[in-house]
Trainee: 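Please read through the structure below; I'll follow up with questions.
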Amino acid sequence: MLSENVQQASDRFRDLIRSITGISLPPHKVQMIDQRLRRRVVAFGLPDTEAYLSQLLAGALPKDELGQVIDLITTNTTSFFREAEHFTFLTDVVLAEKMAQVRAGASARFKLWSAAASEGAEAYTAAMVLEEARRAGKGCDWAILGTDLSQRMVERAQAAIYANDQLTTVPQALQRRYFLTSDDPSVAGKSRVVPELRRNVRFRHLNLMDKRYPVDRDVDVVMLRNILIYFDQADKEGVVDRLTGHLLPGGYLIVGHAESMVVRHPMLRQVRPTIFKKV
């Protein structure tokens with residue numbers, strides 16, 4: 001059982017995290033917070049979580065400490081071809097519409113933004129299907145931006161190295177074409193995305209709670225899957241509004257299956273349970 005002082009500090013900590021990241025940690029997560037922060041308590045030689053939180057909230061710890069904390073408390077669940085029907089929609093519907101526009105003389109470059117990219121599996125899945133379409137003559141040049149709140153996840157995505165057991169959801173033909181292995185013992189059991197894909201996929205740190213995003217405003221698809229569920233209603237609406245401003249007219253916002261009912265925007269029309277088109 002946590003002491004009353006720890007409970008109060010945890011409540012203030014939850015408020016701080018929500019104000020910075022938009023992530024609403026419910027009260028019953030206090031025990032989880034305590035467990036995940038213990039390594040930071042030890043790192044600073046502090047007696048307990050209460051002392052650590054007090055120093056963190058007072059600004060007495062190094063300025064990058066909050067980033068360390070965010071990495072510890074955020075969920076970074078990801079996998080290749082997760083919610084695979086979204087990638088089928090990407091090729092069968094979105095790319096088909098784009099190619100019709102290209103034939104009519106519009107821009108031939110397809111842009112996709114993975115807005116909660118984690119370690120990059122979503123972005124590289126999109127890269128594989130877009131490149132497959134281009135090779136088959138059913139697509140065009142493409143570029144992908146992946147962004148994430150966690151700098152640690154951004155760095156892992158940039159490295160593009162994955163344990164082989166993470167590739168079990170990738171079709172064998174795509175594994176052979178788009179992943180490299182090495183005889184180096186230091187990377188045994190791991191594979192790396194091929195340079196041909198990596199050169200068209202960029203990753204950077206971005207906080208969705210920021211009021212402005214340094215991202216192009218002619219994006220064809222924004223994927224924001226399984227992150228809105230952590231935000232309160234006002235923050236959900238703010239994020240969706242800002243992301244919509246970066247979509248081309250006719251562009252698509254794709255969210256997770258648990259989030260289809262929370263997207264409300266006058267410029268978005270729902271075309272599938274989890275897919276919204278900008279009008």
Side-chain angles (χ1 to χ4, degrees), residues 75-99 109-136 138-150 152-181 190-204 206 215 219-228 243 247 251-260 272-276:
T75 301
N76 292 296
T77 301
T78 183
S79 61
F80 291 95
F81 287 92
R82 186 182 185 188
E83 299 179 8
E85 66 274 14
H86 289 157
F87 300 100
T88 301
F89 182 87
L90 180 63
T91 54
D92 292 354
V93 177
V94 188
L95 265 183
E97 292 178 354
K98 183 69 174 183
M99 293 309 295
R109 192 163 180 82
F110 188 94
K111 296 183 180 181
L112 184 145
W113 177 10
S114 173
S118 187
E119 62 181 352
E122 176 178 270
Y124 286 123
T125 299
M128 284 185 275
V129 299
L130 290 172
E131 182 61 13
E132 284 292 285
R134 191 193 66 79
R135 291 165 63 100
K138 299 178 181 179
C140 55
D141 290 342
W142 53 269
I144 293 174
L145 171 66
T147 63
D148 200 82
L149 174 66
S150 168
R152 178 172 60 93
M153 287 296 106
V154 169
E155 291 169 0
R156 289 176 64 173
Q158 289 171 333
I161 298 173
Y162 299 93
N164 289 339
D165 60 9
Q166 292 179 270
L167 306 185
T168 57
T169 54
V170 180
Q172 286 292 324
L174 299 187
Q175 287 188 41
R176 291 191 294 270
R177 183 171 293 162
Y178 295 119
F179 289 89
L180 298 172
T181 57
K190 297 180 180 180
S191 299
R192 191 179 193 192
V193 177
V194 297
E196 291 82 356
L197 289 190
R198 297 202 314 269
R199 69 169 59 105
N200 288 327
V201 184
R202 297 179 296 117
F203 293 94
R204 71 170 69 145
L206 186 143
V215 176
V219 177
D220 294 281
V221 174
V222 173
M223 303 187 81
L224 183 73
R225 304 189 301 168
N226 307 302
I227 188 66
L228 290 175
L243 291 175
L247 281 170
Y252 291 89
L253 172 66
I254 302 178
V255 300
H257 285 289
E259 301 166 319
S260 61
R272 298 283 177 90
T274 56
I275 300 174
F276 299 80

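Small disclaimer: the values here were computed from a predicted structure and weren't measured. Throughout, numbering of the chain's residues begins at 1 and tracks the sequence.
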Trainee: Can you name the side chain to side chain contact (heavy atoms under 4.5 Å, CB included) partners of D92, sequence neighbours left out?
Mentor: T88
Trainee: Are any side-chain N or O atoms of D148 and backbone N or O atoms of S118, one a donor and one an acceptor, separated by less than 3.5 Å?
Mentor: yes
Trainee: Output all residues satisfying side chain to side chain contact (heavy atoms under 4.5 Å, CB included) with T169, sequence neighbours left out; order by chain, then residue number.
Mentor: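 With sequence neighbours excluded, T169 shows a side chain to side chain contact (heavy atoms under 4.5 Å, CB included) to F80, given in chain and number order.
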Trainee: Out of curiosity, Q166 CD to E119 CD, how far, rounded to the nearest 0.5 Å?
Mentor: 5.0 Å
Trainee: Is the shortest side-chain heavy-atom distance between L180 and P195 below 4.5 Å?
Mentor: yes
Trainee: Step by step, would you call R82 with N226 a side-chain contact (heavy atoms from CB on, under 4.5 Å)?
Mentor: CA-CA 11 Å; R82 186 182 185 188; N226 307 302; 3.5 Å; yes
Trainee: Can you find a pair of side-chain heavy atoms, one from V215 and one from L206, that are under 4.5 Å apart?
Mentor: yes
Trainee: Are N164 and F179 close enough, and set up right, to give a side-chain contact (heavy atoms from CB on, under 4.5 Å), and what steps lead you there?
Mentor: CA-CA 10 Å; N164 289 339; F179 289 89; over 6 Å; no
Trainee: Could you grab the distance from atom CG of L130 to atom CZ of F87, nearest 0.5 Å is fine?
Mentor: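 Reported value, rounded in 0.5 Å steps: 9.5 Å.
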Trainee: Which atom pair, heavy atoms only, marks the closest approach of V201 to A127?
Mentor: CG2-CB, 3.9 Å
Trainee: Restricting to non-hydrogen atoms, name the atom on T181 and the atom on S191 that form the minimum distance, rounded to 0.1 Å.
Mentor: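 Shortest heavy-atom separation between T181 and S191 comes out as CG2-OG, 3.3 Å.
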Trainee: Would you name the heavy atoms of F110 and C140 that are closest together and state the gap between them?
Mentor: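 Scanning both residues, the minimum pair turns out to be CB-SG, 3.9 Å.
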Trainee: What's the shortest heavy-atom distance between R135 and Y178, and which atoms?
Mentor: CD-OH, 3.4 Å
Trainee: Test: salt bridge (charged side-chain N to carboxylate O under 4.0 Å, His left out). Region: residues 159-169. Which pairs qualify, not counting sequence neighbours?
Mentor: none
Trainee: Calculate, to the nearest 0.5 Å, the distance between atoms CG and CG belonging to L174 and L197 respectively.
Mentor: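 One gets 9.5 Å once the value is rounded to the nearest 0.5 Å.
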Trainee: Listed by chain and number, what are the side chain to side chain contact (heavy atoms under 4.5 Å, CB included) partners of R176, not counting sequence neighbours?
Mentor: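 Partners of R176 by the side chain to side chain contact (heavy atoms under 4.5 Å, CB included) criterion, ordered by chain and then number, come out as Q172, A173.
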Trainee: Listed by chain and number, what are the side-chain hydrogen bond (donor to acceptor under 3.5 Å, both in side chains) partners of Y162, not counting sequence neighbours?
Mentor: none
Trainee: Mind checking side chain to side chain contact (heavy atoms under 4.5 Å, CB included) for N200 and listing every partner two or more places apart, or none if nothing turns up?
Mentor: W142
Trainee: Who are the salt bridge (Lys or Arg N to Asp or Glu O under 4.0 Å) partners of E259, not counting sequence neighbours?
Mentor: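 Result, salt bridge (Lys or Arg N to Asp or Glu O under 4.0 Å) vs E259: none returned.
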Trainee: Who passes salt bridge (Lys or Arg N to Asp or Glu O under 4.0 Å) against K190, sequence neighbours left out?
Mentor: none
Trainee: To the closest 0.5 Å, what do you measure between CE (M223) and CG (L112)?
Mentor: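 M223 CE to L112 CG: 6.5 Å, rounded to 0.5 Å.
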Trainee: Rounded to the nearest 0.5 Å, how far does OG1 of T274 lie from NE2 of H257?
Mentor: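 Answer for the NE2-OG1 pair, H257 versus T274, is 5.0 Å.
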Trainee: Please identify each residue that fulfils side-chain hydrogen bond (donor to acceptor under 3.5 Å, both in side chains) with R225, with sequence neighbours left out.
Mentor: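 With neighbours one apart ignored, the set is H86, E122.
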Trainee: Do any N or O atoms from the side chain of D220 and from the backbone of K111 form a donor-acceptor pair under 3.5 angstrom?
Mentor: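 Yes, because the side chain of D220 sits within donor-acceptor range (under 3.5 Å) of the backbone of K111.
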Trainee: Of all heavy-atom pairs between A115 and L243, which one has the smallest distance, and what is that distance?
Mentor: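 Closest pair (atom of A115, atom of L243, distance): CB-CD2, 4.4 Å.
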Trainee: If you measure from CZ on R202 to CG on L145, what distance do you get to the nearest 0.5 Å?
Mentor: 5.0 Å
Trainee: Got E83 and I254 here, is their nearest side-chain heavy-atom distance under 4.5 Å?
Mentor: no
Trainee: Spell out, as yes or no, whether a donor-acceptor pair under 3.5 Å connects the side chain of Q175 to the backbone of V170.
Mentor: yes
Trainee: Take T91 and E132, measure what side-chain contact (heavy atoms from CB on, under 4.5 Å) needs, and give me the verdict at the end.
Mentor: CA-CA 9 Å; T91 54; E132 284 292 285; over 6 Å; no
Trainee: Here's a test for you: under side chain to side chain contact (heavy atoms under 4.5 Å, CB included), which of V94, V222, L90 qualifies with Y252?
Mentor: V94
Trainee: Mind checking what makes salt bridge (Lys or Arg N to Asp or Glu O under 4.0 Å) contact with R134, not counting sequence neighbours?
Mentor: E131
Trainee: Suppose we screen for ring-ring contact (aromatic ring centres under 6.0 Å, His included). Which residues come up paired with Y124, at least two apart in sequence or across chains?
Mentor: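 For Y124 the ring-ring contact (aromatic ring centres under 6.0 Å, His included) partners, ignoring immediate neighbours, are F203.
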Trainee: Donor-acceptor pair, distance only, cut-off 3.5 Å: does the side chain of T125 make one with the backbone of F81?
Mentor: yes
Trainee: Tell me, please, which residues at least two apart from E85 pass salt bridge (Lys or Arg N to Asp or Glu O under 4.0 Å).
Mentor: none
Trainee: Give a yes or no on whether the backbone of V193 and the side-chain of R198 come within a donor-acceptor separation of less than 3.5 Å.
Mentor: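 Here the side-chain-to-backbone pair exists.
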